Amino acid sequence: MDRVKSALSPGLYLIATPIGSSRDITLRSLDILSLVDVLVAEDTRVLRKLLEIHGIQVGGRQLLSYHDHNSNRVSPQILAALKSGKSVAYASEAGTPMVADPGFNLARAAVAEGYKLVSAPGPCAAIAALTLSGLPTDRFFFQGFLPNAETRRKSVLRKLADVPGTLVFYESPRRVAAMLNDAVETLGADRDAAICREMTKRFEEIIQGELGDLLEQTRSRVFKGELVVLVGRGSPSKTGLEDVEAALDLALRECSVRDAVERVAGQTGTNRRQVYQLALEMTRDEP
């Protein structure tokens with residue numbers, strides 16, 4: 001890895017911070033946080049704790065809070081620092097800046113003024129959940145938080161029904177049951193889905209099943225912490241079904257029914273139960 005020079009060039013540096021474990025931060029991010037002229041954070045308390053854990057001193061550097069409620073007031077201060085030739089780091093409360101994060105407007109303002117924008121990649125709850133969900137990762141659509149109002153939430157879900165990829169949502173424990181209820185109504189109870197909670201933390205939990213099953217589970221328990229809800233793509237169209245049959249025919253020549261179903265479900269994003277039923281029909285008359 002290239003070593004960071006003793007001083008950073010002027011610009012806005014976007015720092016991805018841990019979503020759970022404090023060790024999930026890159027060495028490059030720590031270098032930048034050590035050397036940058038001005039520190040900006042969505043939550044300064046969280047950043048101070050992270051710096052303390054990794055032995056980084058704030059020292060005499062300016063530390064600013066930047067969030068949805070003060071962005072209009074603080075943004076001019078940050079832009080002024082950039083104008084004076086300083087390097088500025090912005091750290092989200094958790095995860096990657098600008099992914100469901102107030103840093104979006106700050107980055108746009110910096111770019112509009114012609115200042116350099118640098119990203120130090122790292123943790124992202126949406127990507128971590130996608131890798132843990134067991135759902136297809138070849139195509140996905142990040143929706144973030146759905147509207148609070150039931151009518152608007154259902155309207156958004158209906159528009160997402162035909163998206164040819166895994167749907168990724170951020171959700172709060174208070175609203176997850178209502179969200180899943182609306183998802184079952186608009187998307188169908190038999191879609192493969194997953195709930196990821198407390199990722200990278202001590203009590204990390206991944207709950208997998210069909211939407212209808214997950215809805216029943218949320219009715220009987222109280223969740224804690226931010227959640228990521230993922231929903232697999234819908235049933236294939238007639239043309240899509242022909243593609244599934246072709247893929248399944250090839251897979252059945254090479255492996256067992258179980259392995260063929262897993263392979264084709266993963267390749268096509270089709271519900272595993274549907275692929276299994278199709279496989280049974282295709283092998284029913286075989287000797």
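This is a predicted model, so every value here is computed, not measured. Both backbone and side-chain heavy atoms feed into the values below; hydrogens, waters and symmetry mates do not. We number each residue from 1, following the sequence as shown.
Distance alone, capped at 3.5 Å, places no donor-acceptor pair between the S155 side chain and the T151 backbone. Checked by atom type and distance alone, the side chain of T44 never pairs as donor or acceptor with a backbone atom of A41 at under 3.5 Å. E204 places a side-chain N or O within donor-acceptor distance of the main-chain N or O of T200, the cut-off being under 3.5 Å. With hydrogens and angles ignored, the 3.5 Å screen pairs no side-chain donor or acceptor of S29 with any backbone N or O of I15. For the pair D101 (side chain) and M98 (backbone), a donor-acceptor distance under 3.5 Å is present. With hydrogens and angles disregarded, no donor-acceptor distance shorter than 3.5 Å links the side chain of R73 to the backbone of H69. The closest donor-acceptor contact from the side chain of H54 to the backbone of S22 lies under 3.5 Å. Judged by distance alone, with hydrogens and angles left aside, the side-chain atoms of T26 form no donor-acceptor pair with the main-chain N or O of G122 at under 3.5 Å. Using a distance-only test at 3.5 Å, with no hydrogens or angles considered, a donor-acceptor pair links the side chain of S256 to the main chain of D259. Q208 places a side-chain N or O within donor-acceptor distance of the main-chain N or O of S133, the cut-off being under 3.5 Å.
In the hydrophobic cluster analysis, where Ile, Leu, Val, Met, Phe, Trp and Tyr join through side-chain heavy atoms closer than 4.5 angstrom, V36 is grouped apart from Y66. Cluster annotation: L214 is not connected to L230 through the hydrophobic network of ILVMFWY side chains, with a link wherever side-chain heavy atoms come within less than 4.5 Å. Placement of V38 and L33 in two distinct hydrophobic clusters is found when ILVMFWY residues are connected by side-chain heavy-atom separations under 4.5 Å, directly or transitively. One hydrophobic cluster holds both L47 and V58 under the rule that ILVMFWY side chains link at heavy-atom gaps under 4.5 Å. In the hydrophobic clustering of ILVMFWY residues, with side-chain heavy atoms under 4.5 Å counting as a link, L79 and L14 come out together.
In the model, N148 has no side-chain atom that pairs as donor or acceptor with a side-chain atom of R153 under 3.5 Å. S21 and K201 share no side-chain donor-acceptor pair at under 3.5 Å. Inspection of the S71 and N105 side chains reveals no N or O donor paired with an N or O acceptor under 3.5 Å.
Of all non-hydrogen atoms in E42 and S65, the two that sit nearest each other are O-OG, 4.0 Å. Across all their heavy atoms, P18 and D24 have their closest contact at CG-O, 3.6 Å. Minimum heavy-atom separation, L30 to S34: O-OG, 2.8 Å. Heavy-atom minimum distance, V264 versus A251: CG2-CB, 4.0 Å. Contact detail for L64 and Q62: the closest heavy-atom pair is CD2-NE2, 3.6 Å. A126 and V168 make their closest contact through CB-CG1, 4.0 Å (heavy atoms, listed as atom of the first residue, atom of the second, distance).
Ionic pairing of E254 and R263 is present here: one or more N-O contacts between side-chain nitrogen and carboxylate oxygen are shorter than 4.0 angstrom. Using a 4.0 Å cut-off between a side-chain N of Lys or Arg and a carboxylate O of Asp or Glu, K83 and E113 do not qualify as a salt bridge. Ion pairing between K154 and E185 holds under the 4.0 Å rule for side-chain N and carboxylate O. Salt-bridge check for R221 with E205: passed, with a basic side-chain N closer than 4.0 Å to an acidic carboxylate O.
Each ring-ring contact (aromatic ring centres under 6.0 Å, His included) pair with one or both residues in residues 143-202, not counting sequence neighbours, appears once here: F142-Y170, F145-Y170. Sorted by first and then second residue, the ring-ring contact (aromatic ring centres under 6.0 Å, His included) pairs involving residues 108-131 (not counting sequence neighbours) form an empty list.
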- [ ] Any chance you could lay out the salt bridge (Lys or Arg N to Asp or Glu O under 4.0 Å) test for R273 and E210, step after step, and finish with the verdict?
- [x] CA-CA 10 Å; R273 181 179 296 176; E210 295 185 348; 3.6 Å; yes
Open item on the list: Determine whether R219 and E216 satisfy the following criterion, salt bridge (Lys or Arg N to Asp or Glu O under 4.0 Å), listing intermediate values before the conclusion.
Closed with: CA-CA 5 Å; R219 288 172 172 165; E216 290 303 315; 2.8 Å; yes
- [ ] Please step through side chain to side chain contact (heavy atoms under 4.5 Å, CB included) for the pair L132 and M199, ending with a clear verdict.
- [x] CA-CA 9 Å; L132 295 170; M199 289 182 297; 4.1 Å; yes
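Residues I32 and L8 have side chains in contact (heavy-atom distance under 4.5 Å, counting atoms from C-beta outward). Contact annotation: the side chain of R139 never approaches that of V163 to less than 4.5 Å [non-hydrogen atoms, C-beta and beyond]. P121 is listed as a side-chain neighbour of R28, based on a closest heavy-atom distance under 4.5 Å. By the 4.5 Å heavy-atom criterion applied to side chains, V231 and D192 are not counted as neighbours.
With values rounded to the nearest 0.5 angstrom, T283 atom OG1 is found 11.0 Å from D249 atom CG. Atom CZ of R45 and atom NZ of K49 lie 11.0 Å apart (nearest 0.5 Å). Note that the CG atom of L215 and the CG atom of D182 stand 9.5 Å from one another [nearest 0.5 Å]. Interatomic distance, D37 CG to Y13 OH, rounded to the nearest 0.5 Å: 9.0 Å.
Judged by the 6.0 Å distance and 45° axis criteria, R272 is not positioned over the aromatic ring of Y276.
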